[in-house]
Amino acid sequence: MKLNGRIYNLECVNFAIIVIILLRIECCYMKRVPKIAIVGGGIGGTSASFFLNELFGPRGAHIDLYEPNNIGGRLSVINVEGRDYEVGGSIIHKRNKYMVDFLKLFGLKKKDSRYSRFGLYDGRDFLFTESNWEIINLAKLIWRYGYGPLELDNYINNMLNKFELIYTLQANHKSFATVLELLTAMNPQFVNAMNTSAYSGFQEKGFSQRIIDELITATLTANYGQSTTVHEFVGSVSVAGAGGGLWAVHGGNKRIPQELLKHSKATVLAARVTGITLKPETEDFVVDFVHTKDFSTRNSSVYDIVIVATPLTEDTHADIYFKNFPSSLKFPGKYHRTVCTIVHGKLNFTYFGFENEKDTVDSILTVKLDLIFSAIGRLSPVDYQIDEGQFDIWKIFSQVPLTEEQIHTLFLKHRSVHVVDWMAYPEYYVDQRHDNFILHNNLFHVNAIEWAASAMEMSVIGAKNVALLAHKSWAGVSTDTETTKTFKEEL
């Protein structure tokens, strides 16, 4: 080929063009591989890592996950006499789609469950106790509460029908900048439910004083250590968590975050993040951290995207500082303290008014918050088999640590006591909150969703939303709430 008086070899020209194109493609590809930090290895952080790997592809992002303790966070077990028992999040609802999907995807199985009976306790007497016969239980419920429990069950099922819209929205890659936007997309009534107390909300829906003071209150003291002064949405989630069809993972619920992390291909750093600093000139982030094996050595690394998957409140975020951001990042509210005490021993059945041990219920739910405990329940190991008998392992939830005297009061004798002191879930109230999943461009917060309700499935939904936001941000796609609104109307 002759060009401008010069002769070129056509094959060389074509080869050079191909090389240039490939180099440009490779450069573009390299520019599009973000470096992502995830702070926290609980169910929120590990599911965010899993979803990011799905969205970006196995070579589409480099993910570092920081966790100073065990993977699983508040999904945790404790070993007693050679067997593991749940001390954190222990129940999963049958309609929690993501958790059910993870169970199947990772080839896990449900833990066997033994029949157990519960009683409602006011500090002096049992207001209601289950029997061993289902028909008798139904008759006792109707005798004390009328048809209110059936109406309550219908109300929760209707709520879950509306709630399940989030799975369709997220499957179609819809994402939301704030918690209120996410709830509105599911159903605007959910936002209204955050603006009224559980007490007022259930009362307005026609539920009796006894239903509210006993059944609904009992679920809240057991699940959240709080009363019906919480907002109605979390109250409804609490009632759903006391329904039928609840399950757990054989081997411990922590197996799901462990599998999520393994399948995400993320690099795990056994380190505690101490600070996140914005670099204004480049809009990336410097993450400062210390390794758990050597707290004297401080390190830092630069990231394009940071996802915080731990609580950020006035009482929990002090260990992480945020520097150089254009506006001060504030995190109002606090987390509720719940002390979990695992006792291997014989429950003092006479203290609770039972004449003999075989009449003792397996779960004692309280209808008051001023007792020495919020709930007591008999535990079975995470690897429990249906042909095994019952175990004298009890889990006690309380607002503060139990004293030795209190333990001796509750138990005739005991062989061991283990205490896990949690900042377990938000301290809920009715005042309108405006929690954001987006703290800054490419800085996201999974746990914002906990202010709607704290549960495993809620954390996964928050993680999926944040993963979608991060992927769209990196690809230059904006989150359009009007598009979300239109999509919902089309459904």
Side-chain angles (χ1 to χ4, degrees), residues 42-55 72-75 89-111 113 153-176 179 181-187 189-190 193 223 233-234 236-264 309 437 446-450 452-469 471 484 487-488 490-491:
I43 185 66
T46 54
S47 53
S49 180
F50 176 82
F51 290 131
L52 285 168
N53 184 62
E54 277 193 330
L55 291 165
R74 285 170 281 176
L75 303 187
S90 57
I91 56 171
I92 304 168
H93 197 276
K94 62 184 178 182
R95 292 175 68 174
N96 286 167
K97 181 183 184 303
Y98 286 135
M99 296 300 284
V100 172
D101 288 349
F102 292 152
L103 187 83
K104 296 176 182 177
L105 178 64
F106 303 138
L108 303 174
K109 66 178 184 176
K110 294 181 180 179
K111 169 190 166 185
S113 59
D153 188 57
N154 288 334
Y155 167 75
I156 294 301
N157 280 326
N158 289 333
M159 172 205 164
L160 291 174
N161 290 337
K162 298 168 185 174
F163 182 91
E164 286 173 342
L165 177 60
I166 191 60
Y167 302 123
T168 303
L169 293 169
Q170 292 190 328
N172 287 276
H173 287 209
K174 302 301 175 183
S175 57
F176 310 92
V179 174
E181 286 178 11
L182 184 146
L183 292 176
T184 301
M186 286 192 281
N187 194 287
Q189 292 176 5
F190 292 168
N223 292 328
F233 184 80
V234 73
S236 300
V237 170
S238 181
V239 174
L246 304 177
W247 58 278
V249 179
H250 183 83
N253 292 331
K254 68 174 185 176
R255 295 191 64 189
I256 286 185
Q258 289 172 345
E259 289 293 330
L260 286 166
L261 183 60
K262 183 170 70 175
H263 285 76
S264 75
F437 292 110
V446 171
N447 294 60
I449 200 168
E450 285 196 282
S454 180
M456 285 177 253
E457 189 78 355
M458 293 295 288
S459 292
V460 179
I461 289 169
K464 180 68 176 282
N465 183 64
V466 162
L468 289 167
L469 288 170
H471 183 253
T484 301
F487 175 80
K488 185 187 171 192
E490 289 173 353
L491 287 176

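- Although no hydrogens or angles enter the test, the distance criterion places no donor-acceptor pair under 3.5 Å between the side chain of Gln258 and the main chain of Gly72.
- Using a 30° and 60° split on the angle between ring planes, Phe106 and Phe102 fall in the parallel class, below 30°.
- Two residues are said to be in side-chain contact when any heavy atoms from C-beta on lie closer than 4.5 Å; Leu160 and His93 meet this criterion.
- A side-chain donor-acceptor contact under 3.5 Å links Ser47 to the backbone of Ile43.
- Distance check, rounded to the nearest 0.5 Å: OG1 of Thr168 to NZ of Lys174 gives 12.0 Å.
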After noting the C-alpha distance and the side-chain angles of Ile166 and Lys97, does the key distance pass the side-chain contact (heavy atoms from CB on, under 4.5 Å) rule? CA-CA 10 Å; Ile166 191 60; Lys97 181 183 184 303; over 6 Å; no
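- If you take NE2 on His173 and CG on Leu55, they are separated by 5.5 Å, rounding to the nearest 0.5 Å.
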Let me see the working for His471 and Ser175 under side-chain contact (heavy atoms from CB on, under 4.5 Å), right down to the final yes or no. CA-CA 10 Å; His471 183 253; Ser175 57; over 6 Å; no
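- Thr46 contributes atom OG1, which lies 13.0 Å from atom NZ of Lys262 (distance to the nearest 0.5 angstrom).
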Show me the side-chain donor-acceptor pairs of residues 458-467 shorter than 3.5 Å, one per line, residues at least two apart or across chains.
| unit_1 | atom_1 | unit_2 | atom_2 | d |
| --- | --- | --- | --- | --- |
| Ser459 | OG | Ala455 | O | 3.4 |
| Asn465 | OD1 | Phe176 | N | 2.8 |
| Asn465 | ND2 | Phe176 | O | 2.9 |

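- Taken to the nearest 0.5 Å, the CG atom of Leu246 stands 10.0 Å off from the NZ atom of Lys110.
- If you take CG on Leu165 and CD on Gln170, they are separated by 10.0 Å, rounding to the nearest 0.5 Å.
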side-chain contact (heavy atoms from CB on, under 4.5 Å), that's the test. Do Tyr155 and Val239 meet it? Break it down for me. CA-CA 10 Å; Tyr155 167 75; Val239 174; over 6 Å; no
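- Taking every heavy atom of both residues into account, Ile156 and Ser236 meet most closely at CD1-O, 3.5 Å.
- Scanning for ring-ring contact (aromatic ring centres under 6.0 Å, His included) contacts around Phe233 gives Phe190, with sequence neighbours left out.
- In the model, Arg95 has a side-chain atom that pairs as donor or acceptor with a side-chain atom of Asn161 under 3.5 Å.
- Between the side chain of Asn253 and the backbone N or O of Val249 there is at least one donor-acceptor pair closer than 3.5 Å.
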Would you sort out whether Val237 and Met159 count as a side-chain contact (heavy atoms from CB on, under 4.5 Å), showing the intermediate values? CA-CA 9 Å; Val237 170; Met159 172 205 164; 3.9 Å; yes
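- Here the shortest heavy-atom pairing between Ala248 and Ser90 reads CB-O, 3.5 Å.
- Summarising the local packing, NZ of Lys162 is surrounded by more than 12 heavy atoms from other residues, nucleotides or ligands at distances under 6.0 Å.
- Without hydrogens or angle criteria, Arg74 side chain to Gly89 main chain gives no donor-acceptor distance under 3.5 Å.
- For the pair Glu457 (side chain) and Tyr98 (backbone), a donor-acceptor distance under 3.5 Å is present.
- To the nearest 0.5 Å, the span separating CZ on Phe437 from CG on Asn447 amounts to 10.0 Å.
- Looking at heavy atoms from C-beta onward, Ser264 lies in side-chain contact with Leu261 at the 4.5 angstrom threshold.
- Residues Leu75 and Met456 are in side-chain contact: their nearest non-hydrogen atoms beyond the backbone lie under 4.5 Å apart.
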